[in-house]
Amino acid sequence: MQRFIGAETEYGISTPGHNYLSPIVTSTHAVVAYASARGFGDHRVRWDFAHESPLRDSRGFDLRRYHQVPTVDPHALGVANVFITNGARFYVDHAHPEYSSPEVTDARDAMLYDAAGDHILLQAVADVAAFSDNGVSVLEGHEPCPPLKIYKNNVDGKGASYGAHENYRYARSVEFDVLSRALIPFFVCRQVIIGAGRVGIGQLGRGAGFQISQRADYIEQEISLETTLNRGIINTRDEPHTDADSWGRLHVIIGDANMSQTSNLLKFGMTSLVLDAVEAGVDFSDLSLQRPVAEVSRVSHDLSLGHRLTLSDGRGLTALEILRSYHERISTNLPPEELTAVDREVLDTWAGVMEMLATDPLSTSHLLDWTAKLALINSFLARGITIEDAKISLLDLQYTDIDPARSLYHALVRKGRMHTLVSQDDIARAALVPPEGTRARFRGRMIDRFSDSIVAANWESLIVDTGDGGEQLITLTELDALSDTRSAEILESAATVSDVLDALGRGGAG
């Protein structure tokens with residue numbers, strides 16, 4: 001079955017020297033400046049909440065507090081919302097600028113379009129600076145915004161954590177309990193490959209030391225609907241954004257924001273393959289853990305990777321040994337002819353990284369974020385600087401700076417000490433052009449051609465102004481809706497939105 005994937009990244013934001021400014025205000029500056037610089041600052045598309053159900057739980061209940069669909073002013077402070085020509089959404093989520101990537105069909109594109117978010121945020125920073133240099137504020141009633149710094153990380157150093165969420169379509173025919181049992185040990189252990197690394201132990205980071213994952217110390221339950229508190233290894237939010245009878249959307253919150261392209265490829269690719277295996281009936285129940293929540297932090301805090309997790313049957317296995325079991329069962333049970341080239345790349349890279357980690361974790365410092373960061377830290381510790389020194393915390397932060405001129409990650413790339421899979425030109429193109437094979441293609445092209453006519457939108461539909469005083473809903477329920485060549489031809493030849501609607505039969509898409 002084709003796997004559809006998406007990512008949501010909440011970026012850290014700061015205004016050095018202007019600590020009094022609310023990040024809600026600065027995040028709004030970033031989104032609105034990006035929109036204004038591209039000519040649609042005044043016409044800001046309203047988010048259509050009709051298909052939103054954040055309190056519906058995959059376990060079969062709904063805690064929704066309202067029965068009417070809310071309407072939120074798209075110009076209100078803190079709710080700025082922009083749709084991008086690549087089919088993505090760029091908006092303010094609480095006190096962060098958030099980039100939600102377009103839907104894609106494989107792990108390589110998921111990695112690429114996630115990286116496109118960094119490019120878009122960099123453009124927003126430059127747009128803010130350009131307006132401010134001219135003494136212009138894009139927010140009425142506010143002073144021009146001072147220079148922004150954007151970080152792709154998950155902690156603010158003051159006890160708060162913000163998310164880098166993953167989304168995967170799965171077959172509703174799979175019982176959610178079966179899915180959860182299979183995924184919990186995997187999610188506990190995969191951090192040794194996809195962890196971003198963090199200076200500080202505990203939620204407040206006051207414990208001296210370095211750990212593998214930024215999110216580990218914020219996981220407090222096995223299974224939970226919450227995303228901002230009482231976070232679970234498994235999140236149960238049931239918002240499929242497609243045909244809810246046939247498909248579910250696995251919303252993954254136990255993961256770090258990655259700079260490394262290899263870490264990101266493996267994050268999306270390994271998880272997709274585990275889901276493939278579960279849907280194929282592969283049994284992982286013998287890998288269940290006695291105390292999975294406690295093990296999340298234990299694995300993260302053990303840089304040697306020697307910690308043995310206690311399984312429900314009393315065995316003790318390391319995280320790498322458990323991940324090898326997943327890899328072996330996937331390789332054995334999924335027919336080779338059904339594996340794509342990306343699947344095979346993920347399996348090969350997964351196996352190679354595990355072998356290197358087992359021999360010497362730091363041998364992966366050209367591939368993985370946490371070991372790259374640890375290698376940099378060790379070089380400072382060798383000079384007599386202690387782990388408690390503020391310079392080490394600054395190094396941790398600077399690694400995640402998305403500005404190539406200041407980012408330690410990008411410095412490693414320039415020096416040939418960090419392996420990449422796609423070029424900056426590839427990333428820049430992905431920031432503009434939607435992926436093939438999903439409804440994001442139609443959404444992105446509509447935004448490119450007819451953005452002034454789009455009144456409201458969400459992942460499943462567009463509401464457009466027909467030009468005669470009316471509005472029309474274009475449905476995009478299926479994840480591959482209007483992704484074919486005919487749809488592209490319609491958009492290329494249409495002179496108006498009305499032409500598009502006529503060609504589609506006035507909004508029918510599927």
Side-chain angles (χ1 to χ4, degrees), residues 1-7 45 48 50-51 83-89 100-114 116 167-172 240-249 268 272 275-276 279 337-343 426 429-451 453-466 471-510:
M1 186 196 75
Q2 189 171 44
R3 186 75 54 202
F4 291 91
I5 310 171
V45 177
D48 181 6
H51 298 284
F83 287 89
I84 300 171
T85 57
N86 73 348
R89 182 187 181 201
S100 292
S101 73
E103 307 91 325
V104 298
T105 58
D106 65 49
R108 237 184 189 272
D109 272 354
M111 171 270 295
L112 174 63
Y113 278 89
D114 178 79
N167 300 289
Y168 305 85
R169 189 184 77 165
Y170 69 89
R172 188 70 84 176
H241 296 311
T242 184
D243 174 12
D245 292 330
S246 301
W247 311 110
R249 174 175 66 107
F268 297 116
S272 295
L275 289 171
D276 287 344
E279 290 176 345
E337 64 274 13
E338 293 184 9
L339 296 176
T340 67
V342 174
D343 291 335
D426 293 331
R429 183 178 185 277
L432 293 172
V433 180
E436 300 289 329
T438 78
R439 61 193 178 191
R441 182 181 186 184
F442 180 82
R443 184 192 306 121
R445 294 296 292 131
M446 281 290 289
I447 292 163
D448 186 38
R449 292 290 314 282
F450 305 112
S451 62
S453 297
I454 300 176
V455 178
N458 57 38
W459 299 114
E460 297 181 59
S461 65
L462 300 174
I463 298 175
V464 297
D465 183 341
T466 57
E471 294 181 354
Q472 177 69 51
L473 176 72
I474 300 176
T475 59
L476 300 167
T477 303
E478 297 300 327
L479 281 151
D480 59 355
L482 298 178
S483 61
D484 57 10
T485 302
R486 175 180 168 273
S487 300
E489 292 172 349
I490 289 171
L491 282 171
E492 289 303 322
S493 61
T496 66
V497 163
S498 187
D499 292 338
V500 175
L501 293 172
D502 288 341
L504 295 177
R506 307 307 287 183

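Asp276 is linked by a salt bridge (charged side-chain N to carboxylate O under 4.0 Å, His left out) to Arg3, counting only residues two or more places apart in sequence or in another chain. Glu338 meets the salt bridge (charged side-chain N to carboxylate O under 4.0 Å, His left out) test with no other residue; sequence neighbours excluded. In this structure, Phe442 has no ring pair (Phe, Tyr, Trp, His ring centres under 6.0 Å) partners at least two apart in sequence or on a different chain.
Between the side chain of Ser493 and the main chain of Ile490, a donor-acceptor pair closer than 3.5 Å is present. Looking at Asp48, its side chain never comes within 3.5 Å of a backbone N or O of Ala456 through a donor-acceptor pair. Side-chain atoms of Ser461 never come within 3.5 Å of backbone atoms of Leu473 as a donor-acceptor pair (strictly under, hydrogens ignored). One N or O on the side chain of Arg172 and one on the backbone of Trp247 form a donor-acceptor pair closer than 3.5 Å. When atom types are taken as modelled, the side chain of Asp499 and the backbone of Ala495 share a donor-acceptor pair closer than 3.5 angstrom. Checking side-chain atoms of Thr475 against main-chain N and O of Thr477 turns up no donor-acceptor pair under 3.5 Å. The backbone N or O of Leu432 lies less than 3.5 Å from a partner atom in the side chain of Thr85, making a donor-acceptor pair.
Side-chain contact of Asp480 with Ser483: a donor-acceptor pair under 3.5 Å is absent, judged by distance alone. Between the side chains of Asp448 and Ser451, no donor-acceptor pair of N or O atoms lies under 3.5 Å.
Between Glu478 and Arg439, no side-chain nitrogen of the basic residue sits less than 4.0 Å from a carboxylate oxygen of the acidic one, so the salt-bridge criterion is not met. The pair Arg443-Glu103 counts as a salt bridge, with a side-chain nitrogen and a carboxylate oxygen less than 4.0 angstrom apart. A salt bridge is defined here as a Lys NZ or Arg NE, NH1 or NH2 lying under 4.0 Å from an Asp or Glu carboxylate O, and Arg445 with Glu492 meets this definition.
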